[in-house]
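A short worksheet on the structure shown next.
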Amino acid sequence: MAEKKVIAVLGGTGAQGGGLVRAILADKSSEFSARALTRNVNSDKAKALAQLGAEVVAVDIDNYESIKKAFIGAYGVFAVTFFWDHYSPEKEIEEARLIARAAKDTNIKHIIWSTLEDTRKLIPLDDKRMPTLQGKYKVPHYDGKGEANKIFMDMGLPVTLLNTSFYWENFIYFGMEPKRGEDGKIYLNLPMGNAKLPGIASEDIGKSAYGIFKRGKEFIGKEVGIAGGHLTGKMMADSMSKALGEPVIYNAVPFDVFRGLGFPGADDVGNMFQFKHDFETEYCGARDLKFSKSLNPELKNFDEWLKENAKKIPLK
Ligand SMILES: NC(=O)c1ccc[n+]([C@@H]2O[C@H](COP(=O)([O-])OP(=O)(O)OC[C@H]3O[C@@H](n4cnc5c(N)ncnc54)[C@H](OP(=O)(O)O)[C@@H]3O)[C@@H](O)[C@H]2O)c1
């Protein structure tokens, strides 16, 4: 049997990378094998991946030599950065630069960069609709990733730029779950007006990345986007009502109110929602559902995701 082509997966123990590692390992006839990269090869998550058959290798994504070592012998790389660990677009850009250099120096044949739009292309810094943050960004956790796209392209790397979507798991783990009001009713509080929000089961991001690797050269040099559904707040609340067996009411929070909520990154996330709202056509258009399904036939829609996950939503 021909030797399998190794895919080195940054964030291998996390949401996006973990989905890719599991997708590769679940496909017994795969032409690929999975190398999960982690800061701690002894963590429970890392051990669980090793048990499933992944090669588990240590990496420090702020150290070029460490990344290079982790990429040696690999055919492909899945690259993701971790904005919410530090809130710094500059750090993400610098990490992207190290990753790109290491991919170049180890002759990687295909790299997928998990990215998001540089929102400043559609809403320049002098546009007063939303505040400018950290001096030079509109949506810091988007703009840094989008700015880094150029690094991969300019280095002539065989890159696919993968625009991801809002994880529906945010309704479980990120404090965005529907909440009971003082009137005893359950409210889904989101600043999306009546616009559609592209969302996805986070596990489907890795499965889609696997679909991209399987299609060989087809998406090299291209920018693609994925989502499992485009839903308004009302549509999501209606689906939640059915899944939870209790009415959930959509509450369209004003953007400024959301930005002022005071949790770390509230202004960034508030601008993000306003961007998705104000540029609904462009943002949804960049995440075609049929295309996403073609990459990953197991792609879940919101109702399917709820069927498996509604019980995990921490309703108080
Ligand atoms: N939440 C959303 O809706 C959403 C949507 C689209 C895009 N994103 C983006 O997704 C990115 C995060 O990806 P994810 O959700 O897959 O991550 P995640 O699940 O939070 O974490 C991924 C893994 O990366 C490792 N890690 C964390 N911080 C690290 C660091 N500073 N250096 C090296 N490794 C680190 C951790 O593994 P070890 O401890 O094993 O090293 C962790 O298990 C963010 O940049 C975010 O902007 C999020």
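In listed order, ligands and their atoms are each counted from 1. Residue numbers count from 1 along this sequence.
Counting only heavy atoms of the protein, atom 47 (O) of ligand 1 lies nearest to K145 NZ, 2.8 Å. Of the protein's non-hydrogen atoms, R39 NH2, 3.6 Å is the one closest to atom 36 (C) of ligand 1. Considering only non-hydrogen protein atoms, atom 1 (N) of ligand 1 sits nearest to N170 OD1, 3.3 Å. The protein heavy atom nearest to atom 7 (C) of ligand 1 is T164 OG1, 3.4 Å. For atom 21 (O) of ligand 1, the closest non-hydrogen atom on the protein side is G14 CA, 3.9 Å. The protein atom (non-hydrogen) at minimum distance from atom 32 (N) of ligand 1 is I61 CG1, 3.6 Å.
With a 4.0 Å heavy-atom cut-off, ligand 1 is reached by the backbone of S165 but not by any atom from C-beta on. When heavy-atom distances to ligand 1 are checked against a 4.0 Å cut-off, F174 has no atom that comes that close, whether in backbone or side chain. Contacts between E92 and ligand 1 below 4.0 angstrom, taking non-hydrogen atoms only, involve the side chain exclusively. If you look at E169 next to ligand 1, there are no close heavy atoms at all, none under 4.0 Å. Under 4.0 Å from ligand 1, heavy atoms of T38 appear from its side chain as well as its backbone. Using a 4.0 Å cut-off between heavy atoms, D60 makes no contact with ligand 1 at all.
In this pair, F258 and F263 present their aromatic rings perpendicular. The plane angle is above 60°, beyond the 30 to 60° band. Ring geometry for W84 against F174 counts as perpendicular: the plane angle is over 60°, on a 0 to 90° scale with 30° as the lower cut. Ring orientation note: the planes of F213 and F32 are tilted relative to one another, at an angle of 30° to 60°. In this structure, W305 and F302 have parallel ring planes: the angle between them is below the 30° cut-off, well short of the 60° mark.
Of all atoms in ligand 1, listed by their number and element, those nearer than 4.0 Å to a heavy atom of A15 are 15 (O), 16 (O), 19 (O). Per-residue contacts place G11 under 4.0 angstrom from the following atoms of ligand 1 (heavy atoms of the residue considered): 23 (C), 24 (O). The contact set between ligand 1 and F166, taken as ligand atoms under 4.0 Å from a residue heavy atom, comprises 3 (O).
Of the candidates D85, T13, L49, T81, the one placing a heavy atom closest to atom 44 (C) of ligand 1 is T81. Checking E95, Q16, K45 against atom 9 (C) of ligand 1, the nearest heavy atom belongs to Q16. The residue among F82, F78, F83 with a heavy atom at the shortest distance from atom 17 (O) of ligand 1 is F82.
Of the protein's heavy atoms, at least one falls inside 4.0 Å of atom 19 (O) of ligand 1.
A side-chain contact (heavy atoms from CB on, under 4.5 Å) with D204 holds for exactly one of K293, K300, Q16; it is K300. Screening D118, T132, D268 against K138 for a side chain to side chain donor-acceptor pair (under 3.5 Å) leaves a single residue, T132. Among E94, Q134, H141, the single residue meeting the side-chain contact (heavy atoms from CB on, under 4.5 Å) criterion with P89 is Q134.
Distance alone, capped at 3.5 Å, is enough to place a donor-acceptor pair between the E280 side chain and the K196 backbone. Between the side chain of R39 and the backbone N or O of V59 there is no donor-acceptor pair closer than 3.5 Å.
The side-chain tip of R101 points at the ring of Y64 from less than 6.0 angstrom away and within 45° of straight on. R259 forms no cation-pi arrangement with F255, by the criterion of a distance under 6.0 Å to the ring centre and an angle within 45° of the ring axis.
When only interatomic distances are considered, the shortest N/O to N/O separation between H141 and ligand 1 does not fall below 3.5 Å. On a distance-only criterion, Y167 and ligand 1 share at least one N/O pair closer than 3.5 Å.
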Start with the C-alpha distance between Y142 and N271, add both sets of side-chain angles, then the distance that settles side chain to side chain donor-acceptor pair (under 3.5 Å), and finish with yes or no.
CA-CA 10 Å; Y142 271 54; N271 279 7; over 6 Å; no

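We find the CG-CD distance between N63 and E95 to be 11.5 Å, quoted to the nearest 0.5 Å.
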